[in-house]
Amino acid sequence: MAAFNLTPSDPSIFILAGISGLEAAHMWISIPFSMLYIIGLLGNFMVLFVVWKEETLQKPMYLLLCMLALTDITTSTSVVPKTLCIFWFNLNGITVGGCLTQMFFLHGVSVMQPAIVVAMAFDRYIAICKPLRYDTILTNARIAKLGLVVLIRPVLFVLPLPLLLSKQPFCANRIIPHMYCDHMAVAKMSCGDITVNRMYGLMVTFVVLGLDLLLVFFSYGLISRAILRISSKKSYKKALNTCTAHICVMLMSSTFFLFSTITHRFGQGIAPHIHIILANLHFLVPPMLNPIIYGVKTKELRDKMVKYTCRR
């Protein structure tokens, strides 16, 4: 399909290059991308629907799962529709405002997800280590307040990223060698000094997200110690299955995110098309697998999902 007439020097737009070197294969690459996106949407909307319909599931653990499902939907939807427009219609242009907005949502959700995982780890810690106090410590009202804190985090930590970039002068060549507006990919097009942008981005990645990971590992260290003390084989297996699901989700999401962040800064030796494909999988694979992992590992949720799926 012929490219639309967009000049890289146009001051009102950026050009998303797509997958450099694989332009001829864009149509074929779009097939697995769109399939992963659709499966992820169906799975996450199914989780939201089942928890909404079943009052027995409207408790902290499953409300946190709903928060994770919402962030997964936001993550993939922030990237994939525009990516498919590039693949199918060669619509590579994006306005500066649209680019900075996409950047805020992408990195904002990336900050929200680890906070939700921390809350889920704390939920499992209370359920396993202090089961008699679970209902008094974790109420739905407190989960709602926690959700508000999770929403405030990206405003505090991520909003400065697009604001700082909006003050930067950009060079004539406005081609972003990617399929979405990553912070460092846009910052590298600036003709000004981006030291503050670079340092602040690293600070958010390694301080905010690093602290979240430390809290998660600390919580699961305590949980592991408590699980090993469980005498009942049934209770032991149930606790282990729940924790395994959380750990799988945490490791999968963190691995993709850290790879994408680090290679943008230090991965000059990685072929561009490999980096771009793997970076995009960060927005496709975790949102697709999260509802599957929790559906398989959490019996109560699995039973309800099977009930509604078979009914239809």
Side-chain angles (χ1 to χ4, degrees), residues 40 43-44 46-48 50-52 54 56-75 108-131 133-154 208-227 235 237-258 282 285-302 304-305:
N44 284 293
M46 186 65 180
V47 170
L48 294 172
V50 170
V51 174
W52 173 63
E54 293 290 334
T56 57
L57 296 182
Q58 293 173 10
K59 49 190 178 183
M61 175 182 174
Y62 298 105
L63 294 178
L64 290 170
L65 278 179
C66 287
M67 291 185 195
L68 186 65
L70 286 171
T71 59
D72 283 340
I73 291 169
T74 305
T75 297
V109 173
S110 297
V111 169
M112 291 170 65
Q113 283 178 330
I116 295 172
V117 174
V118 169
M120 294 169 77
F122 180 68
D123 170 79
R124 290 301 86 200
Y125 168 75
I126 299 298
I128 294 170
C129 301
K130 302 179 185 295
R133 300 180 57 195
Y134 181 86
D135 291 333
T136 57
I137 295 176
L138 283 177
T139 63
N140 287 354
R142 285 180 178 168
I143 293 298
K145 292 177 182 177
L146 182 63
L148 183 60
V149 172
V150 169
L151 286 174
I152 291 173
R153 267 175 50 123
V208 177
L209 302 184
L211 179 61
D212 287 341
L213 289 177
L214 284 176
L215 290 173
V216 169
F217 283 121
F218 178 72
S219 298
Y220 278 109
L222 296 176
I223 290 170
S224 300
R225 187 177 65 177
I227 288 176
S235 299
K237 185 178 179 180
K238 181 179 178 182
L240 190 62
N241 278 341
T242 304
C243 291
T244 302
H246 290 314
I247 292 171
C248 288
V249 167
M250 177 191 67
L251 290 177
M252 178 178 57
S253 180
S254 300
T255 300
F256 276 107
F257 177 76
L258 289 175
H282 166 62
V285 177
M288 181 198 69
L289 290 181
N290 285 349
I292 296 174
I293 292 171
Y294 284 114
V296 171
K297 289 292 185 180
T298 311
K299 184 179 184 302
E300 193 175 3
L301 179 62
R302 180 177 69 244
K304 300 298 183 183
M305 291 179 74

* Asked: Should L68 and V47 count as side-chain neighbours, where that means a heavy-atom distance under 4.5 Å?
  -> no
* To do: Check side-chain contact (heavy atoms from CB on, under 4.5 Å) between K304 and all other residues, then give those that pass, not counting sequence neighbours.
  => V50, E54, T56, L57
* Validation row: K59, E300 side chains within 4.5 angstrom (heavy atoms) -> yes
For residues 142-149, run the donor-acceptor check on the side chains, cut-off 3.5 Å, and write out each pair with its distance to 0.1 Å, sequence neighbours left out.
unit_1: R142; atom_1: NH1; unit_2: T136; atom_2: O; d: 3.1
unit_1: R142; atom_1: NH1; unit_2: I137; atom_2: O; d: 2.7

* Structure fact -> All heavy atoms of C129 vs all of L222, minimum pair found to be SG-O, 4.0 Å
* Between D212 and V118, is there a donor-acceptor pair closer than 3.5 Å when you use the side chain of the first and the backbone of the second? -> no
* To do: To the nearest 0.5 Å, tell me how far M288 CE sits from I293 CD1.
  => 9.0 Å
* Measure across P60 and L138 and return the closest heavy-atom pair with its distance rounded to 0.1 Å. => CG-O, 3.3 Å
* Asked: Shortest non-hydrogen contact from V109 to T71?
  -> CG1-O, 3.4 Å
* To do: Can you sort out the partners of R302 under salt bridge (charged side-chain N to carboxylate O under 4.0 Å, His left out), two or more places apart, ordered by chain and number?
  => none
* Are L65 and M120 close enough that some pair of their side-chain heavy atoms sits under 4.5 Å apart? -> yes
* Asked: Can you tell if the side chain of P286 reaches within under 4.5 Å of the side chain of Q113, non-hydrogen atoms only?
  -> no
* Taking all non-hydrogen atoms of both residues into account, name the closest pair between G108 and P154 and its distance. => CA-CB, 3.5 Å
* What closest approach, in Å, do A115 and V150 show between heavy atoms, and which atom pair accounts for it? -> CB-CG2, 4.2 Å
* To do: May I ask you to decide if Q58's main-chain N or O and N140's side chain share a donor-acceptor pair within less than 3.5 Å?
  => yes
